[in-house]
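In what follows, a structure is listed as structure tokens, so that the remarks can point back to it.
Chain identifiers are assigned alphabetically (A, B, ...) following the order of the sequence lines, protein sequences preceding nucleic acid strands; residue numbering begins at 1 within each chain. Predicted model only: the values in this text are computed from it and were never measured.
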Amino acid sequence: MSDYNHSEVEKKWQQRWKDNNTFKAVEQDGKEKYYCLVMLPYPSGNLHMGHVRNYSIGDVFARFHKMNGKNVIHPMGWDAFGMPAENAAIKHKVHPAKWTKQNIARMREQLKALGISYDWDREIATCDSEYYKWNQWFFIKMWEKGLVFRKAANVNWCPSCNTVLANEQVSEGVCWRCKNHTEHRDLEQWFVKITDYADELLEGHKELAGWPEQVLSMQRNWIGKSYGAEVDFALSGSGKKLKIFTTRPDTLFGATFMVIAPEHEIINELKDKIKNWDEVAKYIVESGKKSNIERSQSKEKTGVKLEGVHAINPVNGKETPIFVADYVLTGYGTGAIMAVPAHDQRDLEFAKKYNVPIVEVIKGENSDISNKAYEDEGVLVNSGQFDGIKSADAFNIVSEWVEKHGFGKKTINFKLKDWLISRQRYWGTPIPMIHCPMCGIVPVPEKDLPVTLPEDVEFTGEGESPLKSSESFVRVKCPKCGMPARRETDTMDTFVDSSWYFARYCDAHNDNAPFDGKKVNYWMPIDQYIGGIEHACMHLIYSRFWHKVMRDLQMVNSDEPFTNLLTQGMVTLGGSAMSKSKGNTVSPDEIVEEYGADTARLFILFAAPPQKQLDWSTEGVEGCWRFINRIWRLKDIVNSKAESAASDNDKADMLRIMHQTIKKVTGDIEKEHQFNTAISSVMELVNYLYTYKFHGNDNSVSLEAYKAVVLLMTPFTPHLCEEIWENLGNKDFISSVGWPAFDEKFIKQDTIEIPVQINGKVRGKIFISAEAGEEDVKKIVLADEKTAQNLKDKQLVKFIYVKNKIVTLVVK
RNA sequence: GGGCGGAUGGCGGAACUGGCAGACGCACAGGACUUAAAAUCCUGAGGCUCGCAAGAGCCGUGAGGGUUCGAUUCCCUCUCCGCCCACCA
């Protein structure tokens with residue numbers, strides 16, 4: 001009996017799969033396709049166990065459906081733009097491209113060593129100009145459609161490095177490099193009008209029955225659709241109006257003051273009227289220094305009253321004071337609110353602190369506003385002609401009154417903001433625009449794409465975007481008038497790269513278009529998408545949006561890109577997520593070296609269901625290695641032709657367990673996505689085979705069961721299974737062979753054992769025919785000696801038979 | 001503060017639609033094989049009490065209550081943990 005040599009076997013089959021193009025995907029009319037995709041990795045340098053988990057999960061789906069006869073596409077690529085490469089360039093003086101390519105090369109080898117069934121011919125890296133050329137192409141299409149626009153926006157700015165910082169480069173208000181305090185600055189930025197699709201992104205959820213409810217609810221929150229009204233409050237003595245948004249128009253009579261965000265433009269317009277301007281200006285500067293997180297975490301609300309101006313409540317003509325306070329956000333609604341302290345907790349806290357009157361306008365059962373705002377429904381009071389109306393009805397009645405009298409209108413608001421896609425960095429897709437002093441903003445003509453990243457750039461981490469230092473890049477002629485012009489130096493958010501890569505995989509090397517429509521429509525939408533829950537809102541909304549834009553450009557014919565979504569749990573170490581920046585990663589290399597890729601894959605799939613968080617521990621790896629060897633050794637035992645002493649009953653039992661296992665594993669993979677229980681049921685089948693009788697020379701039944709074991713394990717441990725399959729004399733690759741079928745006829749049992757409960761406790765077991773009716777079962781139960789003992793001196797009150805499950809007696 | 005999950009032996013986890021809680025694996029113990037060890041194969045095992053034993057009884061799925069013949073599963077209250085969003089008017 002030879003020991004299983006994992007390293008030899010795994011190399012052998014990886015080579016054979018490659019030589020035979022086993023996993024190459026080709027469009028085939030009439031064959032059902034299956035698109036399996038795992039979110040593409042960022043090439044950080046090394047695979048960690050989190051990656052192993054993701055890609056192993058994806059491989060189970062891909063291999064399972066291939067064995068079930070589907071035309072499977074399972075591509076892989078690299079989300080290769082982003083800050084870490086640029087940081088490495090600053091720190092180690094390596095060009096980001098070089099650093100990235102090295103990392104990709106290393107991680108590609110690690111992935112190949114895991115034996116994942118990728119079609120490597122479709123590999124892409126988003127930092128290749130063949131790829132990002134099409135980011136630029138899409139950008140121009142969106143510009144033409146009015147989906148791209150420019151607007152001033154707030155950015156983090158480090159005054160000592162003289163550079164823009166990403167959110168993750170600022171922690172606790174301090175620059176990651178120089179540790180100096182950062183500030184906010186307004187810069188002209190590029191935006192994508194994702195809000196045009198806000199409603200459709202929400203409505204589209206109806207098509208996403210194959211998504212976890214958790215993700216849908218997170219997206220609902222993120223999109224944040226709310227119904228309300230915009231109301232204009234006149235400003236005393238200025239002729240100007242202040243527009244506010246409220247979700248509670250029913251509380252309009254309770255508005256005793258107004259609050260506007262420090263960034264609100266009306267403050268400057270009212271400058272002459274504001275008597276305490278110095279105080280107000282100081283407050284605005286102070287809150288501008290705070291990060292959004294600081295703002296939201298401060299326990300006490302702060303603000304300053306604008307002396308000398310008042311707003312007039314349109315419903316009752318009352319004058320109300322106006323405050324500027326940073327608990328009101330500039331980016332939501334109109335950046336101004338009417339404050340109703342009686343019915344909004346935040347407003348109440350503020351009103352108490354600044355001594356503003358509190359007027360109750362909604363009376364509910366037991367409503368008491370002395371300590372806490374009453375935010376529930378009730379009946380209107382102190383509301384003039386609307387008194388006595390239920391608050392739920394008043395929403396419409398009051399809004400209609402406001403609308404009729406020209407003070408405002410009903411409206412819908414979204415939390416979803418337009419997507420700020422420009423970055424003042426080097427390592428990203430250059431935005432293909434040219435600023436001409438004569439013609440304004442002019443897109444780069446399609447024939448001049450791609451706009452490639454220049455090489456003559458130095459990475460210091462200081463100053464503005466490194467692209468600005470490249471003369472050859474910046475100095476261009478205007479495509480329209482030919483006069484000297486300046487090239488845009490902003491690059492795109494890397495979320496752009498991952499918003500459509502799944503479509504590019506369908507036609508990965510097309511030089512004339514992002515992809516061919518026929519090919520994309522053959523493979524899309526993705527049947528199974530797999531990735532972390534952390535992408536629930538950003539990536540999974542951006543790419544749904546992008547897909548809808550591609551649909552509106554008549555490039556794809558589906559509405560949604562991802563039919564089914566599985567969000568796998570994180571692999572943690574001591575409870576915190578593995579990531580390179582935390583330095584707590586575990587590399588798969590040692591396990592692959594010592595026990596092989598199959599063991600690594602099996603272990604990580606067996607340890608927990610895919611959706612669940614998994615805290616890393618190597619305990620148990622040996623158990624999986626043992627199991628692999630148990631399957632391997634079984635080959636010689638089964639092959640020794642030694643079964644004839646097995647009785648017909650033994651054989652029937654063996655077949656029953658085999659068919660049961662096939663049924664269970666198939667369901668666990670296909671429907672439940674519970675790979676851990678699929679594996680454990682194969683373990684049971686293997687255990688059963690070990691205790692099965694082997695004497696004589698007929699091994700037909702045990703060989704059949706053994707083959708089932710090998711086929712069922714192929715999605716988990718493909719190398720081992722290929723090797724055994726070949727050893728059993730098969731010429732085909734097991735990866736391409738049919739998935740085993742089960743037959744209920746073998747699973748059905750004539751006689752079954754069921755428990756007998758008396759008053760809720762199991763008191764015995766009986767054998768009955770599976771077909772037996774309640775009356776028959778009752779006879780058997782009452783005739784049972786043990787049951788009779790338990791029934792002595794008692795009265796049978798109730799008899800319950802749950803078919804093929806349990807008998808329950810209720811006695812007194 | 002809001003939303004969504006979760007809590008089961010020493011550990012990872014299992015349990016269909018309310019029907020024998022703890023499958024499978026790890027760790028552990030015993031046996032076989034061996035000069036011995038490793039490896040392998042077999043067996044045992046939630047806790048407590050009684051019993052030489054076979055076995056019997058009770059308790060037990062974060063806590064408390066409820067519905068039910070029967071609850072890990074459904075309902076209510078609470079505690080703790082994780083994730084996402086977060087002063088969203």
Roughly how far apart, to the nearest Å, are [N] and [M] at atom [atom1]?
N: B/G18; M: B/U73; atom1: P; result: 11 Å
N: B/C75; M: B/A7; atom1: P; result: 15 Å
N: B/C59; M: B/G70; atom1: P; result: 14 Å
N: B/C50; M: B/G44; atom1: P; result: 25 Å
N: B/G19; M: B/G25; atom1: C1'; result: 27 Å
N: B/C58; M: B/G62; atom1: P; result: 22 Å
N: B/G13; M: B/U68; atom1: C1'; result: 29 Å
N: B/C76; M: B/G6; atom1: P; result: 15 Å

Could I get the full list of ring pair (Phe, Tyr, Trp, His ring centres under 6.0 Å) partners for [X], not counting sequence neighbours?
X: A/His264; result: none
X: A/His205; result: none
X: A/His6; result: A/Trp625

Interatomic distance, [X] [atom1] vs [N] [atom2] [rounded to whole Å]:
X: A/Leu634; N: B/U40; atom1: CG; atom2: P; result: 15 Å
X: A/Leu252; N: B/A89; atom1: CG; atom2: P; result: 16 Å
X: A/Gln611; N: B/G13; atom1: CD; atom2: P; result: 13 Å
X: A/Ile223; N: B/A86; atom1: CD1; atom2: P; result: 14 Å
X: A/Glu375; N: B/C87; atom1: CD; atom2: C1'; result: 12 Å
X: A/Gln613; N: B/C84; atom1: CD; atom2: C1'; result: 14 Å
X: A/Lys243; N: B/A89; atom1: NZ; atom2: P; result: 18 Å
X: A/Ile541; N: B/C85; atom1: CD1; atom2: C1'; result: 12 Å

For this session: Assert yes or no for the condition that the ring centre distance of A/Phe414 to A/Trp222 is strictly below 6.0 Å.
Result: no
Of all the nucleotides listed ([options]), which has the minimum atom distance to the side chain of [X]?
X: A/Met570; options: B/C42, B/A89, B/C83; answer: B/C83
X: A/Ala607; options: B/G12, B/G82, B/G13; answer: B/G12
X: A/Lys612; options: B/G3, B/C69, B/G13; answer: B/G13
X: A/Leu329; options: B/C69, B/C58, B/A89; answer: B/A89
X: A/Met218; options: B/A89, B/G13, B/C84; answer: B/C84
X: A/Lys301; options: B/A89, B/G13, B/C87; answer: B/C87

Under a 3.5 Å cutoff, is there a donor and acceptor pairing between the side chains of [X] and [Y]?
X: A/Thr661; Y: A/Tyr688; value: no
X: A/Asn5; Y: A/Ser7; value: yes
X: A/Asn313; Y: A/Thr320; value: no

Seminar exercise, completed: Base-paired stretches in RNA chain B with three or more consecutive Watson-Crick or G-U pairs, both distances under 3.5 Å, amount to B:1-7 with B:79-85, B:10-12 with B:24-26, B:28-32 with B:40-44, B:46-50 with B:55-59, B:62-66 with B:74-78
Exercise. Within the structure shown, what part of the strands sits under 4.0 Å from A/Arg220 by heavy-atom distance: base, sugar-phosphate, or nothing?
Worked result: nothing
For this session: Have a look at A/Ser226 and say if it touches a base, only the backbone sugar-phosphate, or nothing, with a 4.0 Å heavy-atom cut-off.
Result: sugar-phosphate
For this session: Would you check, one step at a time, whether the test salt bridge (Lys or Arg N to Asp or Glu O under 4.0 Å) holds for A/Lys803 with A/Glu774?
Result: CA-CA 8 Å; A/Lys803 192 156 164 72; A/Glu774 180 158 333; over 6 Å; no
For [N] and [X] - does any side-chain N or O of the residue sit under 4.0 Å from the phosphate oxygens OP1/OP2?
X: A/Tyr327; N: B/A89; result: no
X: A/Gln345; N: B/G1; result: no
X: A/Lys415; N: B/G2; result: no
X: A/Gln660; N: B/C16; result: no

Seminar exercise, completed: Counting primed atoms, P, OP1 and OP2 as sugar-phosphate and everything else as base, the B/S/- map of nucleotides 17-26 of chain B against protein heavy atoms under 4.0 Å is --BB--BBSS
For this session: For A/Tyr529, enumerate each residue passing the side chain to side chain donor-acceptor pair (under 3.5 Å) test, keeping only those at least two apart in sequence or located in another chain.
Result: A/Tyr501, A/His539
Problem set entry | Parallel, tilted or perpendicular: ring planes of A/Tyr327 versus A/Phe350, cut at 30 and 60 degrees | tilted
Problem set entry | Torsion-based syn/anti label for B/G9, 90° from 0 as limit | syn
For this session: Would you mind reporting whether A/Ile244 and A/Val259 have side-chain heavy atoms less than 4.5 Å apart?
Result: no
Exercise. Does a side-chain heavy-atom distance below 4.5 Å link A/His343 with A/Val361?
Worked result: yes
Exercise. Starting at the 5' end of RNA chain B, which residue's closest nucleotide do you reach first, A/Gln214 or A/Ala336?
Worked result: A/Gln214
